[in-house]
2 protein chains.
Amino acid sequence: MNDFKTTLEERKAKSTLQVLFKVARLLNAQAIERSNQEQRWGQKLRPSHMAIFPHLSLKGSRITSLAEEMQISKQAVAQLVEDLEQLKIVRRVPDPTDGRAKLVQFTKSGRTGMLRGLDLLTTMEQELADIVGVRRMADLRTTLSRILEHVAPQHEKRFLKK
Amino acid sequence: MNDFKTTLEERKAKSTLQVLFKVARLLNAQAIERSNQEQRWGQKLRPSHMAIFPHLSLKGSRITSLAEEMQISKQAVAQLVEDLEQLKIVRRVPDPTDGRAKLVQFTKSGRTGMLRGLDLLTTMEQELADIVGVRRMADLRTTLSRILEHVAPQHEKRFLKK
DNA sequence: GCACATAGTAAAGCTTGCTTGACTATATTG
DNA sequence: CAATATAGTCAAGCAAGCTTTACTATGTGC
């Protein structure tokens, strides 16, 4: 009756990647929403802020190294850090080994907040395991990890060169 | 030596969800890049434009219905459609059944372009299947679909209510 | 036929998430 | 110690992707 329609719908439905994208998008949104709901940073933590966390060493990190890792400008990092500082999640202290530098480090509340954030991810993962089964979740992780290695074999690549 | 560090790193590494997010982000970027590279829309197709495609019926869709499906304003849709029209991917024709309405429909080149885009996704999927195996890819799809149903049981929910 | 709803458009403005350019203060190097 | 590189800041600007407000044109119910 409508061949084009059929073709497109079929192929759309078949794309594992589209499902992957959609699931990731929805789960990510859910994570941010639940995190903002349960925490009291004033609802103001946005995705770009979350992106810093994985790069924040607990000893303290320099703006410059964060910028390199995240592949954005120092100024961009500085802006995000400023927000996080206002929310008392991090603070900037002078680097004792370099008078020019400062170290961005977690405050106590920031650290516990981050741990709660990780807890949330764990919780969500367990909820999913309840749905699809522990076995499937483990397989999912394995498969995704393998894909990740293929798609981004750049483990610390940036730090080896230049 | 540094308990906090250890704790955080361990837990970060364990989060399947983080891997999921990262994989999705990287694959999505790769898809857009490869698509823009192989096609000749002038490199100008952005993620927001891609977001329309799954909602575009081949018979033609109204701006209003697109807006409802995508949960954004009519004006936002209109702007995206305008871009796509300039790139000759879609055109707007008057809706014969309603003098106020217009139908957004693919041009011929838009349709073949979209098919090529879907082909690209299929190609990428096959590449991944070569890495992790066909079996694992099938499992991945099943698991993700189940998760999707749990996380978004809103199949046409919006169209039933109101 | 009149009131009201609906499809679409036009224009302006907003937030997010960056970048670029210019500058200051401290380090390093020859 | 002079030249230069580096860490960070300040300010401005910009593109993407929206929203809000205001409007026109067409359709619908009573």
Side-chain angles (χ1 to χ4, degrees), chain A residues 25 28-29 32-33 36 41-57 59-87 90-105 159 162, chain B residues 25 28-29 32-33 36 41-53 55-57 59-87 90-105 158-159 162:
Chain A
R25 192 164 27 84
N28 194 34
I32 287 174
E33 191 187 325
N36 276 334
W41 317 114
Q43 320 266 91
K44 298 192 144 264
L45 265 198
R46 285 176 276 112
S48 61
H49 297 117
M50 314 288 288
I52 280 197
F53 283 57
H55 302 282
L56 261 189
S57 157
K59 302 174 181 173
S61 309
R62 291 192 187 174
I63 297 268
T64 300
S65 64
L66 290 172
E68 272 174 17
E69 288 183 40
M70 298 174 69
Q71 300 275 67
I72 59 177
S73 67
K74 291 188 299 180
Q75 295 92 324
V77 174
Q79 286 172 35
L80 296 173
V81 166
E82 205 171 327
D83 291 345
L84 293 177
E85 197 168 25
Q86 277 198 299
L87 297 173
V90 301
R91 69 176 152 247
R92 273 174 291 191
V93 301
D95 185 335
T97 75
D98 188 332
R100 298 164 302 177
K102 296 177 183 176
L103 293 176
V104 179
Q105 52 187 211
F159 306 105
K162 180 179 191 287
Chain B
R25 193 163 26 84
N28 195 33
I32 288 173
E33 190 187 325
N36 275 334
W41 315 114
Q43 320 269 89
K44 298 193 144 266
L45 266 198
R46 286 175 275 113
S48 61
H49 297 115
M50 313 288 288
I52 280 197
F53 284 57
H55 303 282
L56 262 189
S57 156
K59 302 173 181 175
S61 309
R62 290 191 186 175
I63 297 269
T64 299
S65 64
L66 289 172
E68 272 173 18
E69 288 182 40
M70 298 173 68
Q71 299 275 71
I72 60 177
S73 66
K74 291 188 298 180
Q75 293 89 330
V77 175
Q79 287 171 36
L80 295 174
V81 166
E82 206 171 324
D83 292 345
L84 293 177
E85 199 168 24
Q86 277 198 301
L87 297 173
V90 301
R91 67 176 154 246
R92 273 174 292 192
V93 301
D95 185 335
T97 75
D98 188 333
R100 298 166 301 176
K102 295 177 183 175
L103 292 176
V104 179
Q105 52 186 212
R158 281 190 299 280
F159 307 103
K162 178 171 196 295

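Below, chains carry the letters A, B, ... as their sequence lines are ordered, and counting in each starts from 1. Treat the numbers as computed from the prediction; the structure is a model and nothing was measured. Note that these values count all heavy atoms, side chains included, but never hydrogens, waters or copies made by symmetry.
Across all strands, Ala76(B) comes closer than 4.0 Å to base atoms (heavy-atom distances). Nucleic acid contact class of Thr64(A) (heavy atoms, under 4.0 Å, all strands): sugar-phosphate only. Residue contacts shown for Asp98(B) are limited to sugar-phosphate atoms, with no base heavy atom under 4.0 Å away.
Gln79(A) places its CD atom 12 Å from the P atom of dT16(C), with the value rounded to the nearest Å. The separation between Asp95(A) atom CG and dT26(C) atom C1' is 12 Å, rounded to whole Å. The distance from atom CD of Gln71(A) to atom P of dT19(C) is 10 Å, rounded to the nearest whole Å. Atom NZ of Lys102(B) is separated from atom P of dT24(D) by 16 Å (rounded to the nearest Å). The CG atom of Leu80(B) sits 12 Å away from the P atom of dA16(D) (whole-angstrom rounding). Distance Lys74(B) NZ to dC23(D) C1': 11 Å, rounded to the nearest Å. When rounded to the nearest whole Å, the span between CZ of Arg46(A) and C1' of dG17(D) equals 15 Å. Atom CD1 of Ile72(A) is separated from atom P of dG17(C) by 11 Å (rounded to the nearest Å).
For Ser73(B), no side-chain nitrogen or oxygen approaches OP1 or OP2 of dC18(D) to under 4.0 Å. A close approach under 4.0 Å does occur between a side-chain nitrogen or oxygen of Ser48(B) and OP1 or OP2 of dG17(D).
With contacts defined as side-chain heavy-atom distances shorter than 4.5 Å, the pair Ile52(B)/Met70(B) qualifies. Lys74(A) has its side chain out of reach of Arg62(A): every pair of non-hydrogen atoms, C-beta onward, lies at least 4.5 Å apart. In this structure, the side chains of Lys102(B) and Ile63(B) stay at 4.5 Å or more apart for every pair of heavy atoms. Proximity of Arg91(A) to Gln105(A): side-chain heavy atoms (C-beta onward) are separated by under 4.5 Å at one or more points.
A side-chain contact (heavy atoms from CB on, under 4.5 Å) with Val81(A) holds for exactly one of Gln86(A), His49(A), Arg92(A); it is Arg92(A).
Take the nearest nucleotide of DNA chain C for His49(A) and for Arg100(A): the residue whose nucleotide is more 5' is His49(A).
The side chain of Gln75(A) has dA22(C) as its nearest neighbour among dT19(D), dT26(C), dA22(C). Here dG17(C) is the nucleotide among dG17(C), dA7(D), dT9(D) with the atom lying nearest to any side-chain atom of Pro47(A).
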